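Worth knowing before you read on, the calculation uses all heavy atoms, side chains too, and leaves out hydrogens, waters and symmetry mates. This structure is a prediction, so every number in the text was calculated from the model and none was measured.
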Amino acid sequence: MTPSDAVPLAGPRFQTEPARLYREMRRDHGAVVPVLLDGDIPAWLVLGYRELHQVTGDPALFSRDSDLWNQWDRIPDGWPLLPMIGRKQPSILYTVGERHRQRAAMIGNALEAVDPFELRGHAERFADELIDALCTSGEADLIAQYAMLLPVRVLARLYGFPDEDGPGLVTALNDMIDGRERALAGQSHLAGSMARLIADRRREPAGDVVSRMLADDSGFTDDEITQDLMVMTAAGHQPTADWIGNSLRLMLTDDRFAASLFGGRHSVAEAMNEVLWEDTPTQNVAGRWATRDTHLGGRPVRAGDLLLLGLQGANSDPQVRTDASELTGGNSAHFSFGHGEHSCPFPAQEIAEVIARTGIEVVLDRLPDIDLAVPAAELARRPSPWLRGLTRLPVRFTPVPAR
């Protein structure tokens, strides 16, 4: 399966020039690109819009069951991508068939019952608290001091955690996402916190997401619900934080959005949608596994092959984006939330949008003359082919009193 010209799915270009890199991949290999993961493990990266639609829309041929992978005998115990491409994980990510549909319904129903006015109220309150902590100084890093702190605080409140648990959950989740020496400790703290909350809600249900998940009659165990809460928290926090950061960067660096800093709410929504098309937080996702030999985009895909979902590559496919210089407006046919039965549940998408939009609006309302503190060319991204977000967003503004 491994052509001699397979592309390593690593390197600084995913940080510095991913759009050009995806164009070159498409030019040299077509819609389905042979790639190499850590340790020269082969996979396919699906960059074609139509091909990605086919893969995500046909779970019988392209399954989410990672046990099918034909490379497991080559994967060492310490392989760095195991947290992302796990085996026999009891979470919704790797559940298939009718059980997955039941599980998705449980999560979707629990999230759909979130009151939109309460949600926005929580997001505004936490956003104001974070702005209060930095607004008197006249300068800040809106990634470390704001975007990376906001989504998980709101999610924790929706799930049923007391507000005093929020800062610890923020630290644990960000440690886990960083993937460094504190990653396992962060994962352990998060899992333990979820398990304790579930035990509390078993004894004393309340009007929160966890209580509604536990009230579902599909017979999921506490361990399964703990795993799903871990997935929901990680998937809801980091991409939403990057959505906030990437949108603020666009609005501070692109002349098309300059006027919106002094009014024009519609421009916030336009910037957020533009980011989902052009600079989406989740660039590539692992993955799907072929259940039998087939062909995709002219490539011979063998049973058990891993296919990575190239969300950003598909969003910029010239077959569907004939004029990429045009603003995307209200077009939401992007792949940024996935597609098919394993896509991000619609209520979760709505919650992420409310948190991100509220977070951006509070910044613009509270710090109206905000501007970049460094040249735009100096803004750096995390060196990852999977998630795309800024490492920092230094800004300056006229100091204002805390509320």
Any side chain to side chain donor-acceptor pair (under 3.5 Å) involving residues 7-21? Give me the pairs, sequence neighbours left out, ordered by first then second residue.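 Side chain to side chain donor-acceptor pair (under 3.5 Å) check on residues 7-21 returns Arg13-Glu17, Arg13-Glu24, Arg20-Glu24.
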With a 6.0 Å cut-off (strictly less than), is the heavy-atom count around [atom1] of [X], excluding the residue itself, greater than 12?
{"X": "Glu204", "atom1": "CD", "answer": "no"}
{"X": "Glu353", "atom1": "CD", "answer": "no"}
{"X": "Asp77", "atom1": "CG", "answer": "no"}

With a 4.5 Å cut-off on side-chain heavy atoms, are [Y] and [X] touching?
{"X": "Leu111", "Y": "Met232", "value": "yes"}
{"X": "Pro34", "Y": "Leu45", "value": "no"}
{"X": "Leu367", "Y": "Leu134", "value": "yes"}
{"X": "Pro318", "Y": "Arg26", "value": "yes"}
{"X": "Trp44", "Y": "Val35", "value": "no"}
{"X": "Arg99", "Y": "Ser218", "value": "yes"}
{"X": "Leu155", "Y": "Thr240", "value": "no"}
{"X": "Trp289", "Y": "Arg64", "value": "yes"}

Apply side chain to side chain contact (heavy atoms under 4.5 Å, CB included) to residues Leu229 and Leu190 and explain how you reach the verdict. CA-CA 10 Å; Leu229 283 170; Leu190 200 62; over 6 Å; no
Is any side-chain N of the basic residue among Arg381 and Asp279 closer than 4.0 Å to the acidic one's carboxylate O?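 Result for this pair is yes, salt bridge flagged.
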Could you tell me whether Arg388 and Asp242 have a side-chain N and a carboxylate O separated by less than 4.0 Å?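 Asp242 and Arg388: not salt-bridged.
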Can you tell me how far [atom2] of [Y] sits from [atom1] of [X], rounded to the nearest 0.5 angstrom?
{"X": "Phe62", "Y": "Leu68", "atom1": "CZ", "atom2": "CG", "result": "12.5 Å"}
{"X": "Met106", "Y": "Arg101", "atom1": "CE", "atom2": "CZ", "result": "15.0 Å"}
{"X": "Phe126", "Y": "Arg153", "atom1": "CZ", "atom2": "CZ", "result": "4.5 Å"}
{"X": "Ile131", "Y": "Gln145", "atom1": "CD1", "atom2": "CD", "result": "9.5 Å"}
{"X": "Ser336", "Y": "Gln349", "atom1": "OG", "atom2": "CD", "result": "9.5 Å"}
{"X": "Ile41", "Y": "Leu306", "atom1": "CD1", "atom2": "CG", "result": "10.0 Å"}

Listing request: all salt bridge (Lys or Arg N to Asp or Glu O under 4.0 Å) pairs with a residue in residues 122-132, at least two apart in sequence or in separate chains.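 Checked against salt bridge (Lys or Arg N to Asp or Glu O under 4.0 Å) - neighbours excluded - the pairs reaching residues 122-132 are Arg120-Glu124, Arg125-Glu129, Arg125-Asp163, Asp128-Arg366, Asp128-Arg403, Asp132-Arg366.
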Assess the side chains of [X] and [Y]: does a donor N or O sit below 3.5 Å from an acceptor N or O?
{"X": "Trp79", "Y": "Asp38", "value": "no"}
{"X": "Asp223", "Y": "Thr221", "value": "no"}
{"X": "Ser211", "Y": "Asp208", "value": "yes"}
{"X": "Tyr22", "Y": "Asn284", "value": "yes"}
{"X": "Asn70", "Y": "Asp305", "value": "yes"}

Evaluate the criterion side chain to side chain contact (heavy atoms under 4.5 Å, CB included) for residue pair Met272 and Trp243; output intermediate values, then yes/no. CA-CA 7 Å; Met272 290 172 64; Trp243 197 5; 3.6 Å; yes
Could you check whether the rings of Tyr49 and His53 sit parallel, tilted or perpendicular, using 30° and 60° as the cut-offs?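 Aromatic pair Tyr49/His53 classed parallel.
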Kindly give the heavy-atom pair with the smallest separation between [X] and [Y], and that separation in Å.
{"X": "Val275", "Y": "Pro281", "value": "CG1-CD, 4.4 Å"}
{"X": "Leu393", "Y": "Ile143", "value": "N-CG1, 3.5 Å"}
{"X": "Pro368", "Y": "Asp365", "value": "CD-O, 3.8 Å"}
{"X": "Val32", "Y": "Leu296", "value": "CG2-O, 3.5 Å"}
{"X": "Thr226", "Y": "Ala195", "value": "OG1-CA, 4.1 Å"}
{"X": "Tyr146", "Y": "Gly359", "value": "OH-O, 2.7 Å"}

Donor-acceptor pair, side chain of [X] and main chain of [Y], under 3.5 angstrom:
{"X": "Asn315", "Y": "Leu276", "answer": "yes"}
{"X": "His237", "Y": "Val152", "answer": "yes"}
{"X": "Ser247", "Y": "Ile244", "answer": "no"}
{"X": "Ser63", "Y": "Pro59", "answer": "no"}

Test side chain to side chain contact (heavy atoms under 4.5 Å, CB included) on Arg103 and Glu224; report intermediate values, then the result. CA-CA 10 Å; Arg103 205 160 185 170; Glu224 287 175 312; 3.2 Å; yes
Determine, stepwise, if the pair Met194 / Val210 fulfils side chain to side chain contact (heavy atoms under 4.5 Å, CB included). CA-CA 9 Å; Met194 298 296 181; Val210 168; over 6 Å; no
